[in-house]
Novice: 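First the structure, then my questions, so here it is.
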Amino acid sequence: MKAQSSATPVPPVAVAAHRDRAGLGTLQAALGVIAFSLTFPATAWGLEGFGPWSLVAVRSVLAALVAGGCLLAAGAPPRTPGRAWGRIPPPDRRHWPGLAVVGAGVVLGFPMLTTLALRTSTTAHAAVVVGLLPLTTALLSALRAGSRPSRTFWAAALAGAAAVAVFTVRQSGGAPTTADLYLFAALLVCAAGYTEGGRLARVMPGRQVIGWALVLCLPLTVPAAAVALALEPVRLTAHSVAGLLWVAAGSQFLGLVVWYRGMAAIGIPKASQLQLAQPLLTLVWSVLLLNERLTPAAPLTAAAVLVCIAVTQRTRA
């Protein structure tokens, strides 16, 4: 009599469902990257009519209003029988520290630091420097979420990071500029926000992760917007208004909704490496929307980083 195998075969339906979920997660994360790639050009447009503090504070308030409206309109199954639909209950208390990290990283820290950097840096230069974000996110994910990517994954991620580091040093004349320091600080706070957001998106929808983080920041962003608008001159133009609306609704809310959904579906490290394509996309937007002239090193570096993304996506993360 043959001994039965102890391993339980996985039903084909379950395998197909897993593949479909992974494919949808990759698509959602990719849509987030496309939304983020427009952030720097839109910020440059916004700075044509707003001061840096006004732009960041107002974009956060507008994004919070959009997010709050979605939270109210979406509704959710009530936690206790007999309650009406139409209101999403606040997250559990244990999730608030993580939401605070998301708010500090992607709602306040990253927008402020990158906006300050873009006052003296081109969007092309800033985009390539921020190409280090995937590696930074993967590192924090390994520390915080316990993910263990393969050696091939790390080798490809480090190669992409090295290409960005060489580009930064060469473009800065051998030493980082003040804008570069702002950008490197932005990498750290944003990676922390991505890691916590991706972790929370496993237990709540992505729209709730960024939605509650934006609402949590309102006691800070509303007074900041009022003060900044009173102190900094405002000159409304088509570019400045369009830039403000995109960084508020597109980058700050909708992009993060699909991004966190994608991270929850395919894992933080693998999703983060999709952002290696972001510098190349931003270079395209900087030429089309801002008429910037690229140095030969910028597209070459972005292309080298893009090769690394192909390797990371074919490895187990």
Novice: Restricting to non-hydrogen atoms, name the atom on Pro91 and the atom on Leu99 that form the minimum distance, rounded to 0.1 Å.
Specialist: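 Scanning both residues, the minimum pair turns out to be CG-CD1, 3.7 Å.
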
Novice: Thr282: what forms a side-chain hydrogen bond (donor to acceptor under 3.5 Å, both in side chains) with it, not counting sequence neighbours?
Specialist: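 Counting only residues at least two positions away or on another chain, Thr282 forms no side-chain hydrogen bond (donor to acceptor under 3.5 Å, both in side chains).
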
Novice: Mind checking what makes salt bridge (Lys or Arg N to Asp or Glu O under 4.0 Å) contact with Arg151, not counting sequence neighbours?
Specialist: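 Partners of Arg151 by the salt bridge (Lys or Arg N to Asp or Glu O under 4.0 Å) criterion come out as none, since no residue qualifies.
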
Novice: By side-chain contact (heavy atoms from CB on, under 4.5 Å), which residues pair with Ala185, not counting sequence neighbours?
Specialist: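 Partners of Ala185 by the side-chain contact (heavy atoms from CB on, under 4.5 Å) criterion, ordered by chain and then number, come out as Leu113.
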
Novice: For Gln252 and Ala63, indicate whether the former's side chain and the latter's backbone hold a donor-acceptor pair under 3.5 Å.
Specialist: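 No, the answer is negative, given that no donor and acceptor are paired below the 3.5 Å cut-off.
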
Novice: Not counting sequence neighbours, which residues clear side-chain contact (heavy atoms from CB on, under 4.5 Å) with Ala44? List them please.
Specialist: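 In terms of side-chain contact (heavy atoms from CB on, under 4.5 Å), with neighbours along the sequence ignored, Ala44 is linked to Thr123, Leu290.
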
Novice: Check Pro111 against Arg59 and note the closest heavy-atom contact, atom names and distance.
Specialist: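 Heavy-atom minimum between the residues: CB-NH1, 3.5 Å.
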
Novice: Checking Ser37 now: which residues fulfil side-chain hydrogen bond (donor to acceptor under 3.5 Å, both in side chains) with it, not counting sequence neighbours?
Specialist: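 Residues passing side-chain hydrogen bond (donor to acceptor under 3.5 Å, both in side chains) with Ser37: Trp285.
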
Novice: Should the ring pair Phe40 and Phe110 be called parallel, tilted or perpendicular, given that the plane angle runs from 0 to 90° and is split at 30 and 60?
Specialist: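 Parallel.
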
Novice: In terms of the angle between their ring planes, are Tyr194 and Tyr260 parallel, tilted or perpendicular, with boundaries placed at 30° and 60°?
Specialist: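 Tyr194 and Tyr260: perpendicular rings.
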
Novice: Could you pull out all residues at least two apart from Ser240 that satisfy side-chain hydrogen bond (donor to acceptor under 3.5 Å, both in side chains)?
Specialist: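 So Ser240 forms a side-chain hydrogen bond (donor to acceptor under 3.5 Å, both in side chains) with Thr237.
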
Novice: Indicate the atoms forming the closest heavy-atom contact of Leu218 with Ala64, along with that distance.
Specialist: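 What the structure gives for the nearest pair is CD2-CB, 3.6 Å.
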
Novice: Measure across Ala248 and Leu62 and return the closest heavy-atom pair with its distance rounded to 0.1 Å.
Specialist: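 Heavy atoms of Ala248 and Leu62 come nearest at CB-CB, 3.8 Å.
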
Novice: Are Leu108 and Val102 linked, directly or through other ILVMFWY residues, by side chains that come within less than 4.5 angstrom of each other?
Specialist: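 As far as the 4.5 Å side-chain criterion goes, Val102 and Leu108 are connected within one cluster.
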
Novice: Is there a path from Phe253 to Val209 through hydrophobic residues (I, L, V, M, F, W, Y) whose side chains come within less than 4.5 Å of each other?
Specialist: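 Result: yes, single cluster for both.
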
Novice: My understanding is that only residues two or more places apart in sequence, or in another chain, count here; which of them pass side-chain hydrogen bond (donor to acceptor under 3.5 Å, both in side chains) with Arg94?
Specialist: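 Applying side-chain hydrogen bond (donor to acceptor under 3.5 Å, both in side chains) to Arg94 gives Asp92.
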
Novice: Look up atom CZ in Phe36 and atom CG in Leu31, then write down how far apart they are to the nearest 0.5 Å.
Specialist: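 With rounding to 0.5 Å, CZ (Phe36) is 10.5 Å from CG (Leu31).
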
Novice: Residues in ring-ring contact (aromatic ring centres under 6.0 Å, His included) with His239, at least two apart?
Specialist: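 Only Trp45 meet the ring-ring contact (aromatic ring centres under 6.0 Å, His included) criterion with His239.
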
Novice: So how far is it from Leu245 CG to Ser251 OG, rounded to the nearest 0.5 Å?
Specialist: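 It is 11.5 Å, given to the nearest 0.5 Å.
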
Novice: Residues in side-chain contact (heavy atoms from CB on, under 4.5 Å) with Leu300, at least two apart?
Specialist: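 Scan of Leu300 (side-chain contact (heavy atoms from CB on, under 4.5 Å), adjacent residues dropped) gives none.
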
Novice: Any link between Val247 and Leu133 through a network of hydrophobic side chains (Ile, Leu, Val, Met, Phe, Trp, Tyr) touching at under 4.5 Å?
Specialist: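 No; Leu133 is not reachable from Val247 via cluster members.
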
Novice: Identify every side-chain donor-acceptor pair in residues 220-231 under 3.5 Å, counting partners at least two apart or on other chains, and give the distances.
Specialist:
unit_1 : atom_1 : unit_2 : atom_2 : d
Thr221 : OG1    : Cys217 : O      : 3.2

Novice: With rounding to the nearest 0.5 Å, note down the distance linking CE in Met263 to CD in Gln28.
Specialist: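 It is 12.5 Å, given to the nearest 0.5 Å.
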
Novice: Could you name each residue pair satisfying side-chain hydrogen bond (donor to acceptor under 3.5 Å, both in side chains) that touches residues 106-122, not counting sequence neighbours?
Specialist: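 Of all non-adjacent pairs touching residues 106-122, none passes side-chain hydrogen bond (donor to acceptor under 3.5 Å, both in side chains).
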
Novice: So, for Trp212 and Pro90, which heavy atoms are closest and what is the spacing to 0.1 Å?
Specialist: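 Nearest heavy atoms, Trp212 then Pro90: CZ2-CA, 3.7 Å.
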
Novice: Identify the heavy atoms of Ala126 and Leu118 that sit nearest to each other, and give their distance.
Specialist: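 Of all heavy-atom pairs spanning Ala126 and Leu118, the closest is CB-CD2, 3.9 Å.
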
Novice: Measure the shortest side-chain to side-chain distance between Leu38 and Leu289 over non-hydrogen atoms and say whether it is less than 4.5 angstrom.
Specialist: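 Yes - at least one pair of side-chain heavy atoms lies under 4.5 Å apart.
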
Novice: Are Leu71 and Trp96 linked, directly or through intermediate hydrophobic residues, by side-chain heavy-atom contacts shorter than 4.5 Å (ILVMFWY only)?
Specialist: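 The answer is yes; both residues are in one hydrophobic cluster.
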
Novice: Rounded to the nearest 0.5 Å, what separation is found between the CD1 atom of Ile210 and the SG atom of Cys70?
Specialist: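 Going from CD1 on Ile210 over to SG on Cys70, the span is 12.0 Å.
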
Novice: Could you please spell out the steps behind the side-chain contact (heavy atoms from CB on, under 4.5 Å) verdict for Gln208 and Leu200?
Specialist: CA-CA 9 Å; Gln208 292 188 31; Leu200 289 171; over 6 Å; no

Novice: Going by side-chain contact (heavy atoms from CB on, under 4.5 Å), name the residues that satisfy it together with Val33, two or more places apart in sequence or in a different chain.
Specialist: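 Testing Val33 for side-chain contact (heavy atoms from CB on, under 4.5 Å), a comparison that skips the adjacent residues, returns Trp259, Leu274, Gln275, Gln278, Leu281.
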
Novice: Say you draw a straight line from CD of Glu232 to CG of Leu55; how long is it, rounded to the nearest 0.5 Å?
Specialist: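 Glu232 atom CD to Leu55 atom CG measures 9.0 Å (nearest 0.5 Å).
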
Novice: What distance separates Thr39 OG1 from Trp246 CH2, expressed to the nearest 0.5 Å?
Specialist: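 Nearest 0.5 Å value for the OG1-CH2 distance: 8.0 Å.
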
Novice: Report yes or no: do Leu188 and Leu181 belong to one cluster of Ile/Leu/Val/Met/Phe/Trp/Tyr joined by side chain heavy-atom distances under 4.5 Å?
Specialist: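 Leu188 does not cluster with Leu181.
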
